[in-house]
Amino acid sequence: MNCKRAMAALLIIVATPTVSQTFDVDRAERVFAQHCAVCHGADRGGYLAPALNRDETKLSPAIIEQKIAGGAPPTLIPAHPSSWRGGISAKDRKLLVALVTTQPKATSSWSLEDVRKSLEVFVADESRLATAPGYRIDRIDDLMAVMSRGRRAAGVQAKVSFYDGRTHRKIGEVATVYAPHLMDFHPTQPRWAYVRDDAGYVHKVDLYSMKVVRKVRAGLNGISLAVSRDGRYVAAGSYVPNTMVILDADTLEPVRLLELEGVDPDGKMVQSDAGIITATPFASIFVVALEQAGRVWIVDLERPGMPVTTITGVGRHLHDGFLSPDGRYLVVSSYEDHHNAVIDLAQARIVRKIPSGCKPHLGSGAVVQSNARLVGIGTNIREENCESYEVTVFDMGTFEVLKRIPVIGPTESPAAHPPVDVPAGVFSRSRARTVVVGLQEQAHQ
């Protein structure tokens, strides 16, 4: 079955009809699922792009139709969809306008059984795959991956491109159908990697042959992904619906599904997106930040039932973060509280909240060695009426602030070469040679 049609067929949506409803809602939902959900959310509640429903969208029907037909550069909305293959007809454009302006945000579900049924196997007997890379590279650890999202977050341009990090020579590419978002490597078997795309699929990739051998839909939208320290499990968090699925890393069969919800810092019970999900060399656990619930869960992968330990009061709107070099401490950003919270995973408690300016953003983290001391680096992304854009420098032993360096605007995702005295394997594969703090484009300031 065509993947785009499968996406529409698998999407479970409950729409609330209105008295004046005179259009084909079911067809409108299918068109939305095929062309729009990868960016705007399978529930039309917003994802990488704004929400599209009657309660949140303030645009007029005419403007909505103009944006569908004419695109919205420089975003991923393509110009005139009817001009590209599989595009949207004038009739379907009007259906989409009616859907957005008359229907509320949808209620979506994706159960453990839905995950199981979505599994696709492309290579049944993996023992027949090549035993070494089918391309020239001195060290497999030098392999770099680039996520290519494509012009419409879908199609032939949605792929992962691979390069030799030393020579910058392109080695190959793997198609993903929908825009790939991030990738993680298997910690003990260098041939395997796992890719998460914006339509919720997890792809198991054989790096030796540059083939996807299996894929499964862990959710309807979602970007977070982690592989356990022993390589037995893969965790995938979703925004639609608010879940985290733990998969068998070999087969991608689902093992456990967690509903992400909890009482937020203001005392309200909420469902939550999956922020950062990470595994750690410190213990056989997954750690997940519940964005809206302001809490962090530690999932024990060794105990029966994979029980969860909850750390509350972490902050409002948790998002990205990184681990200390030994994996014991998690530093996670709290957008709305303007701090980075440090969590001791051994004691399951918050040990410090580091003041970090407007909407702190850590990306995948930067730790560098300064003389005999390890220091962490934090940055800020864009926020309205921000009074303090800065680069925050803090001690990774005491987590005390060493310096707050003012900058002229929002910055993005610091990165660093691993410190020279950190054991091999603690950090993800990276060939960055220095700290990089990139100012966002002037047009976005």
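Note that these values count all heavy atoms, side chains included, but never hydrogens, waters or copies made by symmetry.
- Ion pair R44/E56 not flagged as a salt bridge, since none of the NZ, NE, NH1 or NH2 atoms sits closer than 4.0 Å to an Asp/Glu carboxylate oxygen.
- Checking side-chain atoms of S356 against main-chain N and O of P360 turns up no donor-acceptor pair under 3.5 Å.
- Of all heavy-atom pairs between G357 and N380, the closest is C-ND2, 3.7 Å.
- The heavy-atom pair separating L257 from T243 by the smallest distance is CD2-CG2, 4.0 Å.
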Evaluation steps, side chain to side chain contact (heavy atoms under 4.5 Å, CB included), between H186 and T188: CA-CA 6 Å; H186 196 288; T188 63; 3.0 Å; yes

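- The closest side-chain donor-acceptor pair between S333 and D320 falls under 3.5 angstrom.
- Between the side chain of R217 and the main chain of A199, a donor-acceptor pair closer than 3.5 Å is present.
- Contact check for P406 versus R404: no side-chain heavy atoms found under the 4.5 Å cut-off.
- Looking only at distances, a side-chain donor or acceptor of T398 sits under 3.5 Å from a matching main-chain atom of E400.
- Shortest non-hydrogen contact noted between K105 and D43 is CE-OD2, 2.9 Å.
- Of all the heavy atoms in E173 and F162, the pair that sits closest is CA-CD1, 4.3 Å.
- Counted within 6.0 Å of CD on E387, heavy atoms from surrounding residues, nucleotides or ligands total 12 or fewer; the atom is thus considered open.
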Steps toward side chain to side chain contact (heavy atoms under 4.5 Å, CB included) verdict (V115, W110): CA-CA 7 Å; V115 177; W110 197 249; 3.6 Å; yes

Steps toward salt bridge (charged side-chain N to carboxylate O under 4.0 Å, His left out) verdict (R149, D198): CA-CA 9 Å; R149 300 184 54 77; D198 281 330; 2.6 Å; yes

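- The minimum heavy-atom distance linking V160 with P180 is given by the pair CG2-CB, 3.9 Å.
- Atom CG of L52 sits about 13.0 Å away from atom CD of Q103, to the nearest 0.5 Å.
- In this structure, R256 and Y233 have side chains that are not in contact, with every pair of non-hydrogen atoms separated by 4.5 Å or more.
- E113 and S111 form no side-chain donor-acceptor contact under 3.5 Å, judged by distance and modelled atom types alone.
- Interatomic distance, I88 CD1 to I68 CD1, rounded to the nearest 0.5 Å: 6.5 Å.
- Between H317 and H319, the ring-plane angle classifies as perpendicular under the 30° and 60° cut-offs.
- In this structure, the side chains of E383 and H338 come closer than 4.5 Å at one or more pairs of heavy atoms.
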Pair K211-D206, salt bridge (charged side-chain N to carboxylate O under 4.0 Å, His left out): steps then yes or no: CA-CA 5 Å; K211 292 180 179 179; D206 175 29; over 6 Å; no

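- Here the straight-line distance linking atom CG of L99 with atom CZ of F32 works out to 7.0 Å at 0.5 Å rounding.
- For D197 and H203, the side-chain atoms include at least one donor-acceptor pair closer than 3.5 Å.
- At least one donor-acceptor pair under 3.5 Å links the side chain of T176 to the backbone N or O of Y178.
- Counting heavy atoms from C-beta on, the side chains of I276 and F322 never come closer than 4.5 Å.
- The closest donor-acceptor contact from the side chain of D142 to the backbone of R166 lies at 3.5 Å or more, if one exists at all.
- Aromatic ring orientation, Y239 versus Y47: perpendicular (interplanar angle above 60°, classes split at 30° and 60°).
- Within the 3.5 Å criterion, the main-chain N or O of H168 finds no donor-acceptor partner in the side chain of D164.
- Within the 4.5 Å cutoff, no side-chain heavy atoms of V299 are placed close to those of I285.
- Between the CD1 atom in I350 and the CZ atom in R295 there is a gap of 11.0 Å [rounded to 0.5 Å].
- To the nearest 0.5 Å, atoms CZ (R54) and OG1 (T101) are separated by 10.5 Å.
- The backbone N or O of H361 lies less than 3.5 Å from a partner atom in the side chain of T379, making a donor-acceptor pair.
- In terms of modelled atom types and a separation under 3.5 Å, the side chain of S224 and the main chain of G237 share a donor-acceptor contact.
- Around the NZ atom of K117, the shell of radius 6.0 Å holds no more than 12 heavy atoms that belong to other residues, nucleotides or ligands.
- Salt bridge R316/D266: present, at least one basic N to carboxylate O contact under 4.0 Å.
- Separating the CZ atom in F286 from the CZ atom in R229 is a distance of 11.5 Å, to the nearest 0.5 Å.
- Taking a cutoff of 4.0 Å between a charged side-chain nitrogen and a carboxylate oxygen, D344 and R328 qualify as a salt bridge.
- Formation of a donor-acceptor pair under 3.5 Å by the H40 side chain with backbone atoms of P50 is found in this model.
- For H339 (side chain) and G315 (main-chain N/O), no donor-acceptor pair under 3.5 Å exists by modelled atom type.
- At a cut-off of 3.5 Å, with distance as the only test, no side-chain donor of Q292 or D264 sits close to an acceptor on the other residue.
- With salt bridges taken as basic N to acidic carboxylate O contacts below 4.0 Å, one links E302 and R232.
- Side-chain contact check for R303 and S284: no donor-acceptor pair (N or O, by modelled atom type) lies under 3.5 Å.
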Step-by-step salt bridge (charged side-chain N to carboxylate O under 4.0 Å, His left out) determination, D184 to R196: CA-CA 9 Å; D184 203 356; R196 189 77 193 276; over 6 Å; no

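- Classification of E126 and K204 as a salt-bridged pair holds, one side-chain N sitting under 4.0 Å from a carboxylate O.
- In this structure, the side chains of V351 and R349 come closer than 4.5 Å at one or more pairs of heavy atoms.
- One finds a salt bridge joining D395 and R373 here, because a Lys/Arg side-chain nitrogen approaches an Asp/Glu carboxylate oxygen to under 4.0 Å.
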Check against side chain to side chain contact (heavy atoms under 4.5 Å, CB included), T309 and D300: CA-CA 8 Å; T309 298; D300 191 329; over 6 Å; no

Side chain to side chain contact (heavy atoms under 4.5 Å, CB included) between V100 and N53, worked out: CA-CA 5 Å; V100 171; N53 61 72; over 6 Å; no

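- In this structure, M147 and M183 have side chains that are in contact, with non-hydrogen atoms separated by less than 4.5 Å.
- In this structure, the side chains of V308 and I298 stay at 4.5 Å or more apart for every pair of heavy atoms.
- Ring to ring, F282 and Y329 are not that close: their centroids are 6.0 angstrom or more apart.
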Candidate pair K403 and E390, rule salt bridge (charged side-chain N to carboxylate O under 4.0 Å, His left out), full reasoning: CA-CA 10 Å; K403 195 165 187 178; E390 65 180 68; over 6 Å; no

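- Shown here for A218 and V245, the closest heavy-atom pair between the two residues is O-CG2, 3.5 Å.
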